[in-house]
Amino acid sequence: MAEYSKEEISRIEDKWRSAWEKNKVYKTEMDLSRPKYYVLDMFPYPSGAGLHVGHPLGYIASDIVARFKRIKGFNVLHPMGFDAFGLPAEQYALEHGIHPAVSTQQNIQNFKRQLGRIGFCYDWSREVQTCDPSYYRWTQWIFIQIFDSWYNRKKARAERISTLIAHFESEGNISHPFPNLKFKAPSGNDSFNASEWKAYDEKTRREILMTYRLAYLAHTDVNWCEALGTVLANDEVINGVSYRGGFPVVKRQMRQWSLRITEYAERLLSGLDQIDFSESMKDIQRNWIGKSTGCLVTFKIKGLTPGPSPPIVIRAGSERGDTPDVAIAQDFIFTSDAKTWKALKDSARENRKNPTEAEDKIWQALRNLKLEHRFRRQHSIGRFIVDFVCIEKKLVIEIDGPIHDLQKREDAERTQIIEDSGFKVIRFSNKLVLTRIDEVLQKIKTELTSPSPLERRLGGEVLTVFTTRPDTIYGVDFMVLAPEHPLVKVITTEAQQKEVDDYLKYVESRSEIDRMAEVKKITGCFTGAYAINPLSKKETPIWISEYVLAGYGTGAIMGVPCGDERDHKFAKHFKLPITNIIGSFYTGEEANPSYEATLENSGVFNGMLMRDAVPAIIAELEKLGVGKRQINYKMRDAGWSRQRYWGEPFPVVFREDVPYAMEEKDLPLTLPDSDNFKPSGNGEGPLANLTNWIDFAPGQKRDSNTMPTHAGAAWYFLRYMDPHNQKEFAGKKSLDYWNQVDVYIGGSEHAVAHLLYSRMWVKILHDLGYLNFDEPFKKLINQGKITGESNFVYRLLKGTFFYSDQDGELVETDNFPPVFISKNLKDRFENGTLSQKEAASISRVEILLNNKFTRVGEKGRVDFITKAFTPMRVDINLVENDKLDIERFKNWRPDFKNAEFIFENSNSSAHGEAGDYLCGSAIEKMSKSYSNIVNPDDIIDKYGADTLRMYEMFLGPLEQSKPWSTNGIDGVYKFLRRFWNLFHNSTGKFGVNNEAASKEELRALHKTLKKIESDIENYSFNTSVSEFMICANELSSLKCNKRSILEPLVIALSPFAPHIAEELWSLLGHPDTILNAKYPAFEEQYLKVNSHAYPISINGKVRATMEFALDMPKEDIEKLVLASEILKKWSEGKPPKKVIIVQGKIVNVVL
RNA sequence: GCCAAAGUGGCGGAAUUGGUAGACGCGCACGACUCAAAAUCGUGUAUCCUCGGAUGUGCGGGUUCGAUUCCCGCCUUUGGUACCA
């Protein structure tokens, strides 16, 4: 005796949820005898705001797929977990003093409770939480594997670092040059050989290996916010200022971990062809990877004749003590600034008095040689004192004593800094000087006779650019360097020095905000130098400009104004001549980047189509040895350090500043418990505050950073396969069986970061032999975002209350309660179209406030003298149909207790009497901070989980974003009731009969079975809900309550509305759960019709329909149509010109 | 700016190897039941109209017997990206 009422729904749903849990129906085991199917949701970050109706959209869809695949006979893996490390919990801890571990667990419990109510078929025994040490133990383990790997470009795969060491030992790095050309061998060369490698000490070797590791430590930019004293994540920086507070953010270098994802650029790109992601998703990733094919072209720099090589002035560098600035000055020699010079003077003198044996030996030898260049000893350069220096030849000689051996690293740094100032540094060991002084002197002589570094650069150095348009090389009118380009220091002429200095200063002064605000602003400066075009031999001026980025390509470009818009603007702005190589394609007004033009003014390439000239010119450049085919990627390596507490600690130990991976047996490195989450203030993470943890053993240090939340999310789908494994991140058998995720459903906001990192980690694990697949996700579906409707009240701006005092002066006061004005009234007030009545209503409030708040001695008057109102979001639960619930609003926040309102309805009194306060509204994303969250619990309380599930699907196509609205939820609710009623008689008693089904009934059933199946395969759930409705409507009108029809239908409905389906299934007499039923096969025979109502169109307009048998030949149809009354009526006697008959579709007669 | 997706009744949306545009639902209107209301059930519901018809899928063209669907050119919205040579 049951009606599908609210009480009954809640009884049924509760009953089955607990039965499912009790019987562990969702527990999944490996079963090699059955095909597997892996359905995955993007696991949520458990926020304090709880689940809103947007979250379940994707989860419902995946749940339908999982349940459908199960009744189709697959062994379905459908797990859920939590992405539980992250910033919000840490910020919450800072604000409320609740430990992230505690708030995270609370939030997870709440999420699980909410998810539980919707009836998902998750196997919770496989739950993972990224913040659980038993999970992040393996995140750390994988990190170590990545750290212990390098990318073998020859084989295009990751390998163990041991294989790299083997290469180094047998042949140095000749076959596997440094991944980044910036790196040099300790000798200063681009490569080293096997014997050099063998001679390096442990630290040097480790430093070299670091430049190859797939997880590596290097100095990289962070977003430093001085005002907040902390480092910010990229998404906490908006337009160059901090997301909170709007403080300026600058780039600052810090030593951090990065993942060398750039090595995988090509495979991440080509892998897209094998996976089923939407085209737009692939485009976003392709865009991000940003591959461009082109070539490097080297231009000779026209020799400069600046007279004697200019002396060098070194300023001691900034307080932080990094690289000193270098400038070329006119007259005097100064190798430190005055202050540093002074500071170092005494110790230099001291050193000169007490030379080491080796130093003394060299000094005497140098004097005896009577060289034409003078050496100085113990001379300060920048902030260093060097052993010997020849200023004229910019040569520094350093003797490595026993102390030097202990500080190789510092020495290398020091050498670098000194060399950056234009000196060449040569080092000799103490031992060498003492035993083989001749050899040493010979080396010094050779150095003195060879050109100085500056001369060397000027004479031999070339300017290399990257271009995707080598075909335009004859159109190069100028070259542009990034301001940071190292050549700038070298090539600038005396005449241009000041201008260049000023420009560099300007660029430096420009903050991120300025640059972002004025992206298209054209600035630049001529260096005075010229480059020689390798093909046309033309000399073109070399400029610097901030529109050229140091970090991409070579940091230099060739300017082709007729073919590139930016180059064109640059040329116009600085009035540079423009060479036209594309004839009429260039109008003089704007650049034309076409490939279709025929080349002119291009020497031997004249007359060639640009498209064809690209390879031809590359070939020519390669032949001349001045060009090389090159592929560039926009993508950068992924910064992997976060200066945060609530994340995975890096499983490394620093000894003498060299990082070593922790041993596997020592994992996990657990996050130390602490209540101090404040940033350390010096740019390091909060862990830096825990010195006991950082300096855990003598001579050993830990990393104060933690990993980003991407780390835990990069592999969680693998852990689900074998979540309790204590020995491995997942067992090989499980990995092989469950394999790739068959369908992954989640939001498109993870298009780049999460999906790229997951793909990269899987590729690495694959390369290292742990996985037999190298793409994690076979198919990706992006569910649309569900946006919410926020409501606004309009508060009179603070500080806009005035009263006039005794002397009639207006005095500002804040002595008044908040006043809110109704939406439409506010609009009219703002644009000055208030009616008289409304104006009166407002002045009534003024009078009222006047009476209420004017104090003794404040003989004043309240005036609204501005029209400024602040929109303020109000909790949507206080608003219904735009009307604000005044009483609840007053209790909402304490400071609104005494709020005053100016109501919409001007007829009613402003205060105390009835009137409506109307709120404004806007569609925004659902967020706690917008107070516009719609909680699925409320919907379930009202309609039940089945209705919620079907309604969310009915809302529209899964992938489409849409605003939440409950309009129409009744339709779904009514459908379920109607469906229920098919199984019950008018008194609510359950009963089906066993009569044979009619043709119509069978047709209705099988049409639905077919449509549901194909809709689920196409992720078109909104249309499947429609189909169920149509079917229920048809069966209702057929008054069908036959078991043979209804039973299969319940199975088909069960993925969508599992609770009602399970109840009906049980009422139908099945003791086992419907989850173990089989999806009924549809049979084509029931769908067959033998005739079709052909629409008869005349001249393309449908005029009538005629019923013909489907197998009627065209000729017969034509005859019948031509003879019909319809045609007679419409042809008006005109003879038919042509008759088109599409069998089973349409007839069209052309007159 | 560039790249991508999308524009269909009052609303959510359906239909694309080119073949009856508006399925299904909401809303609305009318009717049945009821003393009444709710619930439920039934009927109708793109627009215009001289009631025969005409128009209609963002706008303007084109291809076709036939275009929401294909092609060209615009407009608008949303997402991605931001001087990437």
Side-chain angles (χ1 to χ4, degrees), chain A residues 3 5 278-288 290-292 294 465-470 472 480 482 515-516 518-522 545-549 551-560 563-567 569-570 593 632-636 748-749 751-752 782 784-785 787 950-951 954-957 959-975 977-978 981 986 1020 1022-1033 1036-1037 1093-1105 1136-1151:
Chain A
E3 196 187 327
S5 62
S278 70
E279 269 313 306
S280 66
M281 188 60 41
K282 288 184 181 181
D283 273 325
I284 291 171
Q285 294 208 357
R286 284 191 192 109
N287 235 304
W288 184 263
K291 178 179 183 173
S292 52
V465 300
F466 173 71
T467 179
T468 54
R469 296 299 301 268
T472 64
V480 191
R515 282 196 63 165
M516 286 191 182
E518 311 174 315
V519 161
K520 297 289 171 211
K521 192 174 166 189
I522 299 163
S545 173
E546 55 181 337
Y547 87 88
V548 176
L549 306 176
Y552 182 78
T554 63
I557 60 154
M558 54 185 219
V560 183
D564 183 278
E565 194 48 44
R566 292 156 310 173
D567 295 349
K569 285 194 176 130
F570 192 79
N632 272 355
Y633 302 93
K634 273 198 265 186
M635 184 166 66
R636 296 291 134 84
S748 59
E749 64 272 21
V752 282
N782 293 116
K785 265 201 261 312
T787 44
M950 291 198 88
Y951 180 60
F954 190 56
L955 230 39
E959 309 204 9
Q960 203 166 295
S961 289
K962 50 231 156 189
W964 175 260
S965 141
T966 43
N967 295 346
I969 196 167
D970 279 335
V972 173
Y973 182 58
K974 275 189 227 167
F975 154 74
R977 186 160 50 203
R978 186 175 299 188
N981 288 341
S986 52
S1020 176
N1022 54 331
T1023 52
S1024 16
V1025 177
S1026 293
E1027 182 58 34
F1028 279 122
M1029 288 173 170
I1030 294 168
C1031 184
N1033 289 347
S1036 293
S1037 35
Y1094 282 85
I1096 310 299
S1097 70
I1098 290 158
N1099 282 338
K1101 299 221 186 308
V1102 178
R1103 297 300 178 184
T1105 56
K1137 241 188 241 163
K1138 198 173 171 187
V1139 181
I1140 293 125
I1141 294 162
V1142 184
Q1143 223 147 19
K1145 295 261 163 127
I1146 197 168
V1147 178
N1148 191 14
V1149 182
V1150 187
L1151 297 169

side-chain contact (heavy atoms from CB on, under 4.5 Å) for A:V560 and A:R469? Distances and angles first, verdict last.
CA-CA 9 Å; A:V560 183; A:R469 296 299 301 268; over 6 Å; no
Could you walk me through whether A:K521 and A:E546 satisfy the side-chain contact (heavy atoms from CB on, under 4.5 Å) test, starting with their C-alpha distance in whole Å, then the side-chain angles of each, then the deciding distance to 0.1 Å, before giving a yes or no?
CA-CA 10 Å; A:K521 192 174 166 189; A:E546 55 181 337; 5.8 Å; no
Give the intermediate values and the outcome of side-chain contact (heavy atoms from CB on, under 4.5 Å) for residues A:L955 and A:W964.
CA-CA 9 Å; A:L955 230 39; A:W964 175 260; 4.0 Å; yes
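Of the residues near RNA chain B, A:V1025 and A:T468, the one whose nearest nucleotide (by heavy atom distance) lies more toward the 5' end is A:V1025. If A:Y633 and A:N287 are placed on RNA chain B by their nearest nucleotide, the residue sitting closer to the 5' end is A:N287.
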Identify all pairs in which a protein N or O lies below 3.5 Å from an N or O of nucleotides 10-18 of chain B, and state each distance.
from: B:G12; atom 1: O2'; to: A:L955; atom 2: O; distance (Å): 2.5
from: B:G13; atom 1: OP1; to: A:Q960; atom 2: NE2; distance (Å): 2.7
from: B:G13; atom 1: O3'; to: A:N1022; atom 2: ND2; distance (Å): 3.4
from: B:A14; atom 1: OP1; to: A:N1022; atom 2: ND2; distance (Å): 3.0

Close N/O contacts between protein and nucleotides 7-9 of chain B (under 3.5 Å):
none

Table of protein N/O atoms under 3.5 Å from nucleotides 49-57 of chain B N/O atoms:
from: B:A54; atom 1: OP2; to: A:R1103; atom 2: NH1; distance (Å): 3.2

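Here the C1' atom of nucleotide B:G80 and the CG atom of A:N782 are 12 Å apart, to the nearest Å. What separates CZ of A:R469 from P of B:C84 is a distance of 14 Å, to the nearest Å. Look at CD1 on A:I1140: it is 16 Å from C1' on B:U20, rounded to the nearest Å. Going from atom NZ of A:K1138 over to atom P of B:U64 covers 10 Å, rounded to whole Å. Taking atom CG on A:D970 and atom P on B:C26, their separation rounds to 8 Å, with Å as the unit. Across the protein-nucleic acid pair, A:E749 atom CD and B:A5 atom C1' stand 17 Å apart, rounded to whole Å. When the P atom of B:A5 is taken as reference, atom CG of A:D283 falls 7 Å away, rounded to whole Å. Going from atom CD1 of A:I1146 over to atom C1' of B:C65 covers 10 Å, rounded to whole Å.
The pairing partner recorded for B:G73 is B:C59, the criterion being a Watson-Crick or G-U wobble arrangement whose two distances lie under 3.5 angstrom. Judged by Watson-Crick or G-U wobble contacts below 3.5 Å, the nucleotide B:G19 has B:C65 as its partner. A 3.5 Å limit on both hydrogen-bonding distances identifies no Watson-Crick or G-U partner for B:G52. Of all nucleotides present, none satisfies the Watson-Crick or G-U wobble test against B:A39 with each distance under 3.5 Å. B:G27: Watson-Crick or G-U partner is B:U45, with both key distances under 3.5 Å. For B:C2, the paired base is B:G80 (Watson-Crick or G-U wobble, both distances below 3.5 Å). Under the Watson-Crick or G-U wobble criterion, with both distances below 3.5 Å, B:C33 is left unpaired in every strand shown.
Applying the 90° cutoff around 0 to the glycosidic angle, B:G9 is assigned syn.
A donor-acceptor pair is defined here as one N or O able to donate and one able to accept, closer than 3.5 Å; no such pair exists between the side chain of A:S748 and the backbone of A:A751. In this structure, the side chain of A:Y1094 engages the main chain of A:G1144 through a donor-acceptor pair within 3.5 Å. Without hydrogens or angle criteria, A:K962 side chain to A:P957 main chain gives a donor-acceptor distance under 3.5 Å.
A tilted orientation is assigned to the rings of A:F1028 and A:F975, their planes being inclined by 30° to 60°. Using the six-membered ring where Trp is involved, A:F570 and A:Y547 have ring planes that are tilted, between 30° and 60° apart.
Distance from the side chain of A:W288 is smallest to B:U81 among B:A85, B:C84, B:U81. Nearest to the side-chain atoms of A:R566 among the listed nucleotides B:A21, B:G25, B:A85 stands B:A85. Checking B:A85, B:G19, B:C24 against the side-chain heavy atoms of A:N1033 singles out B:C24 as nearest.
Proximity of A:R977 to the phosphate of B:U40: a side-chain N or O atom is located under 4.0 Å from OP1 or OP2. At least one side-chain nitrogen or oxygen of A:R978 sits closer than 4.0 Å to the OP1 or OP2 atom of B:C41. Close to B:A82, at under 4.0 Å from its OP1 or OP2, lies no side-chain N or O of A:K634. For A:Y552 and B:A85, the shortest distance from a side-chain N or O to OP1 or OP2 is below 4.0 Å.
In plain terms, the two heavy atoms of A:S278 and A:N782 that are nearest each other are OG-OD1, 4.2 Å. When all heavy atoms of A:S292 and A:Y552 are compared, the closest pair comes out as OG-OH, 2.7 Å.
A gap of 24 Å separates the P atoms of B:U55 and B:C11, to the nearest Å. Taking atom C1' on both B:A46 and B:A14, the two are 15 Å apart, rounded to the nearest angstrom. The same atom, C1', is picked in B:C75 and in B:C26; the two are 31 Å apart, to the nearest Å. Look at the C1' atom in both B:A67 and B:G58: the space between them is 16 Å, to the nearest Å. The C1' atoms of B:U40 and B:C33 are separated by 9 Å, rounded to the nearest whole Å. For the C1' atoms, the distance linking B:U57 with B:C70 amounts to 16 Å, nearest Å. The P atoms of B:C3 and B:G53 are separated by 49 Å, rounded to the nearest whole Å. Here the separation of B:C28 from B:A21, taken at their P atoms, is 30 Å to the nearest Å.
The residue from A:I1141, A:V1102, A:I1140, A:V1142 that alone fulfils the side-chain contact (heavy atoms from CB on, under 4.5 Å) condition with A:V1147 is A:I1141. The only option from A:T467, A:D567, A:V480 that meets the side-chain contact (heavy atoms from CB on, under 4.5 Å) definition with A:M558 turns out to be A:T467.
At a cut-off of 3.5 Å, with distance as the only test, a side-chain donor of A:S1097 or A:N1148 sits close to an acceptor on the other residue.
When heavy atoms are screened at a 4.0 angstrom cut-off, A:A751 is found touching no nucleic acid atom at all. Among the protein residues, A:K974 comes within range of the sugar-phosphate backbone only, with heavy atoms under 4.0 Å from sugar or phosphate atoms but none that close to a base. Within 4.0 Å (heavy atoms only), A:D564 reaches no atom of the nucleic acid at all. Backbone-only contact: A:S292 has heavy atoms under 4.0 Å from sugar-phosphate atoms and none from a base. Counting any heavy atom pair closer than 4.0 Å across all strands shown, A:V1142 reaches a base atom.
At a threshold of 4.5 Å between non-hydrogen side-chain atoms, the residues A:P470 and A:T472 do not count as touching. The shortest distance between side-chain heavy atoms of A:D564 and A:I557 does not fall below 4.5 Å. For the pair A:M635 and A:W288, the minimum side-chain heavy-atom distance is below 4.5 Å.
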